[in-house]
Amino acid sequence: MTIKTLIRLLLAPVACLFSVGPLLPASPARADQECASIDGPRCRVKLSTGIDMAYLEAGPADGKPVILIHGLTDSVRSWALAMDALHKLNAKLRIIVVDLRGHGGSSMPDAKTCAPVPEACYRMSDLAADVVAFMTAKGVAKADLAGHSMGSFVVQEIALTHPEMVGHAILNATGAKSVGNAALADFVLKQTIEGTWKPALEAKGKAYPEGVYELTPADADPKASEWVAANWVVDPAADPAFLKPYVPETTAVKLGTWIGATKGLLAQDNRKRLEDLSVPALVMWATQDNIFLPSDQDEIKAALRTAAAKSGVTHYWKEYGNIPLPASGAQESDIGHNIQWSAAETVAKDIDAFIATGAPTLDLVHSDAAPNVAKLIIEPGKAVVEKMGK
């Protein structure tokens with residue numbers, strides 16, 4: 001290492017790391033452009049919570065901060081397309097996408113403390129504390145936050161406990177509660193984690209959960225990647241090329257995170273808490289979301305109506321797609337749970353519009369007729385949008 005390089009590293013306010021490689025210094029004039037793309041390295045920062053958080057960042061360092069937060073077993077890749085679209089749409093924004101603890105390139109919480117009861121270290125309040133610590137480390141006093149699925153509950157937590165740090169809350173594929181959610185409780189936890197992987201690992205002499213904390217689904221099932229491809233990383237409205245890297249990445253997520261984050265999410269019930277929300281919120285929901293259903297949307301809209309009446313703040317709810325979930329209960333012919341995977345450009349436009357004007361666009365985006373489900377059609381002015389408040 002040269003003296004010049006050493007000096008640059010010492011002067012950098014926040015160091016960036018290749019996933020495998022040397023430290024990268026952040027530019028003072030621009031945000032961390034060395035980690036601006038999903039195809040390049042991720043930057044990392046050590047948090048006061050003990051987590052090493054990986055992230056991507058694009059746009060000017062002095063731009064309006066927008067932080068994008070992914071869902072269960074996901075990573076910055078979940079928002080990569082929307083991040084690029086938002087950056088092209090509004091180059092003045094400082095867009096940051098983070099890997100939550102135990103996901104992507106971010107570290108897991110300490111095994112000695114967390115392995116016996118993983119969910120004690122993956123509460124939504126824990127994930128929110130990491131994001132708050134990240135904002136502090138990056139010198140971000142206030143940001144607009146957008147979260148998908150589990151990430152939307154992280155956004156809710158921050159908006160409810162630190163409203164002074166949140167300009168707008170964008171809740172993508174969300175609900176007012178996840179406690180008792182059938183997809184999470186039955187399919188993910190009971191059937192897959194505890195019904196398939198747990199007995200397979202116990203048969204190998206592994207104690208559950210403390211003995212499997214740092215193992216992966218592949219340690220339980222040699223064909224775990226096939227299961228992930230067939231059951232987890234599935235979206236007929238998304239580009240197959242975009243989904244392909246997800247399979248090995250998701251299969252590599254440690255079981256401590258699968259267990260802890262799933263149980264942590266299943267413990268969340270914000271129905272009453274959201275009635276006190278004082279931050280402008282936009283809910284994005286797709287008609288073939290098979291995790292958060294129409295009944296979940298009724299609950300969150302009711303909570304936001306009460307919140308609007310209490311605080312005078314206006315909230316919005318917007319629908320994507322126009323074909324209801326089929327009888328199979330699976331996304332088949334329109335946009336589903338992972339809205340930003342398939343409709344990234346419209347999601348970006350709605351985020352930008354909501355931040356700038358306080359309301360989303362009225363563009364309806366939906367899939368073309370089967371079998372062209374991945375071809376999206378945009379119809380200006382035809383979206384179902386509900387306004388809650390003045």
Side-chain angles (χ1 to χ4, degrees), residues 66-72 100 119 122-132 135 142-185 261-286 289 291-320 337 339-340 347 350-351 354-355 358-360 384-390:
V66 180
I67 300 177
L68 310 177
I69 305 171
H70 64 76
L72 179 66
L100 295 172
E119 60 270 28
Y122 282 89
R123 298 166 300 180
M124 295 305 101
S125 57
D126 296 320
L127 275 57
D130 289 341
V131 176
V132 170
M135 292 173 67
K142 190 172 186 176
D144 297 309
L145 304 182
H148 170 249
S149 195
M150 183 178 74
S152 74
F153 285 90
V154 176
V155 173
Q156 289 181 32
E157 189 66 24
I158 300 170
L160 288 166
T161 58
H162 297 278
E164 75 284 355
M165 300 184 73
V166 184
H168 297 82
I170 295 98
L171 310 173
N172 180 349
T174 193
K177 73 175 193 307
S178 45
V179 61
N181 183 279
L184 295 170
T262 300
K263 288 188 174 182
L265 184 55
L266 277 167
Q268 203 70 9
D269 188 346
N270 290 339
R271 284 174 292 182
K272 292 299 295 182
R273 297 177 72 206
L274 282 172
E275 293 181 356
D276 294 319
L277 183 67
S278 59
V279 174
L282 166 64
V283 174
M284 301 174 175
W285 179 77
D289 188 332
I291 296 180
F292 292 103
L293 306 175
S295 57
D296 296 302
Q297 303 315 298
D298 292 339
E299 288 180 343
I300 195 165
K301 284 188 282 188
L304 293 179
R305 287 191 192 97
T306 300
K310 284 185 177 182
S311 67
V313 173
T314 302
H315 306 294
Y316 282 89
W317 181 92
K318 179 175 178 179
E319 185 175 270
Y320 282 63
H337 183 68
I339 302 172
Q340 77 283 2
V347 167
D350 283 333
I351 291 174
F354 186 57
I355 291 171
V384 176
V385 176
E386 294 187 30
K387 180 180 179 181
M388 288 148 280
K390 296 181 180 179

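Remember, predicted model here, so these are calculated numbers, not experimental data.
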Kindly list each side-chain donor-acceptor pair under 3.5 angstrom involving residues 171-180, sequence neighbours excluded, with atom names and distances?
residue	atom	partner	partner atom	Å
N172	ND2	Q340	OE1	3.0
T174	OG1	S152	OG	2.7
T174	OG1	Q156	NE2	3.1
K177	NZ	E299	OE1	2.9
K177	NZ	E299	OE2	3.2
S178	OG	L265	O	2.4

Are D350 and Y320 close enough, and set up right, to give a side chain to side chain donor-acceptor pair (under 3.5 Å), and what steps lead you there? CA-CA 11 Å; D350 283 333; Y320 282 63; 2.4 Å; yes
Would R273 and T161 satisfy side chain to side chain contact (heavy atoms under 4.5 Å, CB included), going step by step from the backbone distance to the final call? CA-CA 10 Å; R273 297 177 72 206; T161 58; 3.8 Å; yes
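Residues A159 and V279 approach most closely at O-CG2, 4.0 Å, considering heavy atoms. Taking both residues in full, the closest heavy atoms of M165 and M135 are given as O-CE, 3.5 Å, listed atom of the first, atom of the second, then distance.
Counting heavy atoms from C-beta on, the side chains of F292 and Q297 come closer than 4.5 Å. Contact annotation: the side chain of Q268 never approaches that of M150 to less than 4.5 Å [non-hydrogen atoms, C-beta and beyond]. K301 has its side chain out of reach of H315: every pair of non-hydrogen atoms, C-beta onward, lies at least 4.5 Å apart. Contact check for L100 versus D130: no side-chain heavy atoms found under the 4.5 Å cut-off.
Distance check: I158 CD1 to M124 CE gives 11.5 Å after rounding to the nearest 0.5 Å. Separating the OH atom in Y316 from the NZ atom in K387 is a distance of 4.0 Å, to the nearest 0.5 Å. Considering CG of D276 and NZ of K310, their distance stands at 4.0 Å, rounded to 0.5 Å. From L304, atom CG reaches atom CH2 of W317 across 11.5 Å, with rounding to the nearest 0.5 Å. Rounded to the nearest 0.5 Å, atoms CD1 (I339) and OG (S149) are 10.0 Å apart. Considering OG1 of T262 and CG of L184, their distance stands at 6.5 Å, rounded to 0.5 Å.
Among L282, V347, V283, the one residue that satisfies the side chain to side chain contact (heavy atoms under 4.5 Å, CB included) test with P360 is L282. With H168 as the partner, the side chain to side chain contact (heavy atoms under 4.5 Å, CB included) test is satisfied by one option alone out of V155, D144, I351, V66: D144.
No more than 12 heavy atoms of other residues, nucleotides or ligands shown are found within 6.0 angstrom of NZ on K272.
Using bins of under 30°, 30° to 60° and over 60° for the plane-to-plane angle, the ring pair H337/H148 lands in the tilted bin.
Checked against ring-ring contact (aromatic ring centres under 6.0 Å, His included), H70 has the following partners two or more places apart in sequence or in another chain: H103. A search for side chain to side chain contact (heavy atoms under 4.5 Å, CB included) contacts involving S278 returns P163, not counting sequence neighbours.
With N270 contributing its side chain and F153 its backbone, the two residues share no donor-acceptor pair below 3.5 Å.
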